[in-house]
Number of protein chains: 4
Amino acid sequence: MPRPSRWDDVVAAAARVFSEKGFGGASLEDVATEVGMLKGSLYNYIKSKEDLLFAVVRPDAEELLTNARQLKVKDLPASEKLRQIVLVHVEIIDRHLPYVSVYVQEIAGRGISKEWADMDREYMHLVEQVFVEGAESGAFDRGLDAKMAARSLIGAMNWMTRWYEPGDPAQARAVAAQLSDVFLSGVLARRTADPS
Amino acid sequence: MPRPSRWDDVVAAAARVFSEKGFGGASLEDVATEVGMLKGSLYNYIKSKEDLLFAVVRPDAEELLTNARQLKVKDLPASEKLRQIVLVHVEIIDRHLPYVSVYVQEIAGRGISKEWADMDREYMHLVEQVFVEGAESGAFDRGLDAKMAARSLIGAMNWMTRWYEPGDPAQARAVAAQLSDVFLSGVLARRTADPS
Amino acid sequence: MPRPSRWDDVVAAAARVFSEKGFGGASLEDVATEVGMLKGSLYNYIKSKEDLLFAVVRPDAEELLTNARQLKVKDLPASEKLRQIVLVHVEIIDRHLPYVSVYVQEIAGRGISKEWADMDREYMHLVEQVFVEGAESGAFDRGLDAKMAARSLIGAMNWMTRWYEPGDPAQARAVAAQLSDVFLSGVLARRTADPS
Amino acid sequence: MPRPSRWDDVVAAAARVFSEKGFGGASLEDVATEVGMLKGSLYNYIKSKEDLLFAVVRPDAEELLTNARQLKVKDLPASEKLRQIVLVHVEIIDRHLPYVSVYVQEIAGRGISKEWADMDREYMHLVEQVFVEGAESGAFDRGLDAKMAARSLIGAMNWMTRWYEPGDPAQARAVAAQLSDVFLSGVLARRTADPS
DNA sequence: AATGAATGAGCCTTCATTCAT
DNA sequence: GATGAATGAAGGCTCATTCAT
């Protein structure tokens, strides 16, 4: 991974352009124009267009995965782990929307390459494990299909790349809280007032 | 034997090819090969590549919308409306995965054109209204953010295009039921065992 | 191998352009201009630039080889076989100079691919065998290094692509005769008439 | 330790790279990598890629020419002059194969520039003169086409760049001797023992 | 002398689209 | 309706060359 002066500019420009036009729909000329250089000059930084895609997408993907791995070994109730995962996922979307959009649109759930399929799978599995833990501990519903729940949660979060307007960390936290609430408690009214 | 026009073949082939390679990544030659004709011949059926995209995507989009519209005026509890919407959405995915994949990947939540943005918005709104109704009737949680809930549900369902293996209507119904359960009741264990 | 209407034009143009500018130095635009179409249109005939190179070069290479193979099994004195090989080789150069130039410049003696290396080797071997036969039959010098002789003869003939001006079959036959004479008898004056 | 300029390294690297990939097929980056510097740095030594080509090729071309010029004015029988020319030519190929390969492939017999065409022509002419002298002195066959003979000899020698494996001076001398023998005496068995 | 970066031009190839047959 | 051929416009990538540091 080269570290020349304008490397970050290049990747940031690529994230913006790819997320707006799609990887296939964007030309390297678009990216170069966004950075302020000619398309040929990009090749001082990358070896291929695909390289650039991965460079855009890798750091956040790794952060997400690292966070989920660390959470796994912590001693927390499943519901709390779930809230944490959602919080970090949503915060990354808030801070790095274009990067994550590209990941979601171009890589997640596609069979791009073994490496990325493995990352995908591992993240899915870590989320799934949270549901499994919850079910086994009795905190979550016994009949829960953990894999389905994980897929649904990830889908709901990734779908944010289609509607979320980033830039407000407070709102990100609010969204994360609501999402967690829905997945934990559902939308039905609590029978809180049930007898005592 | 009347040789019917091969319009349906063309659209089906396009759905398969677009869902596999993406709209941008697929060439009309790919589509033509899949139907068994030459790319020039496609222009006996379509006026442009984009035409073909819309042709692939429109019927299911309209079915989804029609269903949601009809449901809106029915006299059913919100939870039941929600179950119905999920069921139809999932069944369409089961029956027409390639078509829906193309819609989700290329059109949903993108600003392709006013027409499609309107359809998107209307469907979203109809789903949102179910949550609003539920909250107003007291069946759903008062503090619920209906828009967020609708977006999450749609995201979770559309994400199925990345993992669902179609062809089994029974499994489709099961998935729909589980999804509805999670969104209605959450994953937390019910305090069913409360006395009496 | 496609056979559309202008296939031969395309290959002939490529032969001219490649032989003039070299394969690497020639652009497909050059070739297209020579045929009178746009460079993109060439791809209705070929799959890649290299394809075109092989198409240019294959027919004559095969003719040369076929001729040498047929000669091998004929019952002729070695000196006559040698004259025949030279004659055919020189005639092909006379009739198809640009094609042969491309072969000599870009393919002969280079390790382009196994297929071509094999053709090269076989032709060399067939020529070498003529010298071996001659030496074994006593017609040629016993101490002759057949491989060196074959290489030298082929080199001398192929070098014609750098100087020969084609279009005169009679001159081609004359050149072939002289070449054969030199290789058979050398340039030294015969001591034939020496008695007296 | 004085660090001498790396001019020679640069030229040697260029010779290797050009002879392997061809002048057109080789990039200056290839050359730079072979020397161990970056392509921009090459411009501390050369003014253009073509410059480098000429630098690679000139010394040996001049040596060949100088040798042929000196030989011309010596008082030697034509057959001896021919042996000398062949010997020097082959020895240079043995010692400097990559350089000569580049010359043969890219320059000899092409109309690169007047300067090089003149060198070509002069060398050819000097070789031709040897055959003329031989014919006039009666040592060589009267009917000999001196130009054809010279072209054939040069072709045979230059063709060595396609097959010769350098590094063994003794073998170089052997090859030179055989080549001279073939051109002088041909391959036909001598009727030396024919008396009676 | 060397480097890293940028330039600008060109090249192979792809592709949506058109059209005569 | 279908085909083969052509078009024109990009697009990804390479590369000789320049230049400030």
Side-chain angles (χ1 to χ4, degrees), chain A residues 2-7 9-10 23-32 35-52, chain B residues 3-7 10 23-32 35-52, chain C residues 2-7 9-10 23-32 35-52, chain D residues 3-7 10 23-32 35-52:
Chain A
R3 264 328 114 68
S5 36
R6 292 165 73 189
W7 170 249
D9 295 354
V10 168
F23 177 72
S27 79
L28 285 184
E29 191 158 22
D30 296 333
V31 177
V35 208
M37 56 174 72
L38 298 182
K39 63 178 170 176
S41 309
L42 286 177
Y43 285 82
N44 287 319
Y45 300 91
I46 59 170
K47 275 186 60 97
S48 73
K49 195 189 180 193
E50 224 187 21
D51 251 34
L52 192 46
Chain B
R3 185 84 78 82
S5 154
R6 294 164 71 190
W7 168 250
V10 167
F23 177 71
S27 77
L28 285 183
E29 190 156 21
D30 295 332
V31 176
V35 209
M37 55 174 70
L38 297 186
K39 66 177 166 178
S41 311
L42 284 178
Y43 284 82
N44 289 318
Y45 300 90
I46 61 172
K47 272 191 66 82
S48 75
K49 195 189 179 192
E50 227 187 19
D51 254 33
L52 192 46
Chain C
R3 269 321 119 71
S5 37
R6 292 164 74 189
W7 169 251
D9 295 353
V10 168
F23 177 72
S27 77
L28 285 184
E29 190 157 21
D30 296 332
V31 176
V35 208
M37 55 174 73
L38 298 183
K39 62 180 169 177
S41 310
L42 287 176
Y43 285 81
N44 286 319
Y45 300 90
I46 60 172
K47 275 187 58 98
S48 73
K49 195 190 179 191
E50 224 187 23
D51 250 35
L52 192 46
Chain D
R3 185 84 79 84
S5 152
R6 295 164 71 188
W7 169 250
V10 167
F23 177 71
S27 77
L28 286 184
E29 189 157 22
D30 295 332
V31 177
V35 210
M37 54 175 71
L38 296 186
K39 68 177 166 179
S41 312
L42 284 177
Y43 284 82
N44 290 318
Y45 299 91
I46 63 172
K47 272 191 66 82
S48 75
K49 194 189 180 190
E50 227 186 20
D51 254 33
L52 192 47

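Quick note on labels: first sequence line is chain A, next is B, and so on, each numbered from 1.
- Atom CG of residue A:Leu52 and atom CZ of residue A:Phe23 lie 7.5 Å apart, to the nearest 0.5 angstrom.
- Looking at residues two or more places apart in sequence or on another chain, you find no ring-ring contact (aromatic ring centres under 6.0 Å, His included) involving B:Tyr45.
- The CG atom of A:Asp51 sits 13 Å away from the C1' atom of F:dG12 (whole-angstrom rounding).
- In this structure, B:Tyr45 reaches the F:dA2 phosphate: one of its side-chain N or O atoms is under 4.0 Å from OP1 or OP2.
- One can place CG of A:Leu38 at 14 Å from C1' of E:dG10, the figure rounded to the nearest angstrom.
- Considering all non-hydrogen atoms of both residues, B:Arg6 and B:Val35 come closest at NH2-O, 3.0 Å.
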- How would nucleotides 13-21 of chain F be written as a contact map, 5' to 3', with B for base contact, S for sugar-phosphate-only contact and - for no contact, using protein heavy atoms under 4.0 Å? BBSBBB---

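- Paired runs in DNA chain F that reach 3 or more consecutive Watson-Crick or G-U pairs, where each pair keeps both distances under 3.5 Å, cover E:2-21 with F:2-21.
- For D:Arg6, a side-chain nitrogen or oxygen approaches OP1 or OP2 of E:dA2 to under 4.0 Å.
- Between A:Asp9 atom CG and E:dA5 atom P there is a gap of 12 Å when expressed in whole angstrom units.
- When all heavy atoms of A:Leu28 and A:Lys49 are compared, the pair lying nearest together is CD2-CG, 3.7 Å.
- The list of side-chain hydrogen bond (donor to acceptor under 3.5 Å, both in side chains) pairs with a residue in residues 23-32 of chain C, not counting sequence neighbours, reads C:Lys21-C:Asp30, C:Ser27-C:Asp30.
- Side-chain contact between C:Met37 and C:Val10 is present, with heavy atoms from C-beta onward closer than 4.5 Å.
- Rounding to whole angstrom units, CE of residue A:Met37 and C1' of E:dG8 are separated by 15 Å.
- Candidate nucleotides F:dG1, E:dA1, E:dA5 were compared by shortest atom distance to the side chain of A:Asn44, and E:dA5 ranks first.
- Contact of the B:Trp7 side chain with the B:Asn44 side chain is not registered, since no non-hydrogen atoms from C-beta on lie closer than 4.5 Å.
- Scanning for side-chain hydrogen bond (donor to acceptor under 3.5 Å, both in side chains) contacts around B:Ser48 gives an empty result, with sequence neighbours left out.
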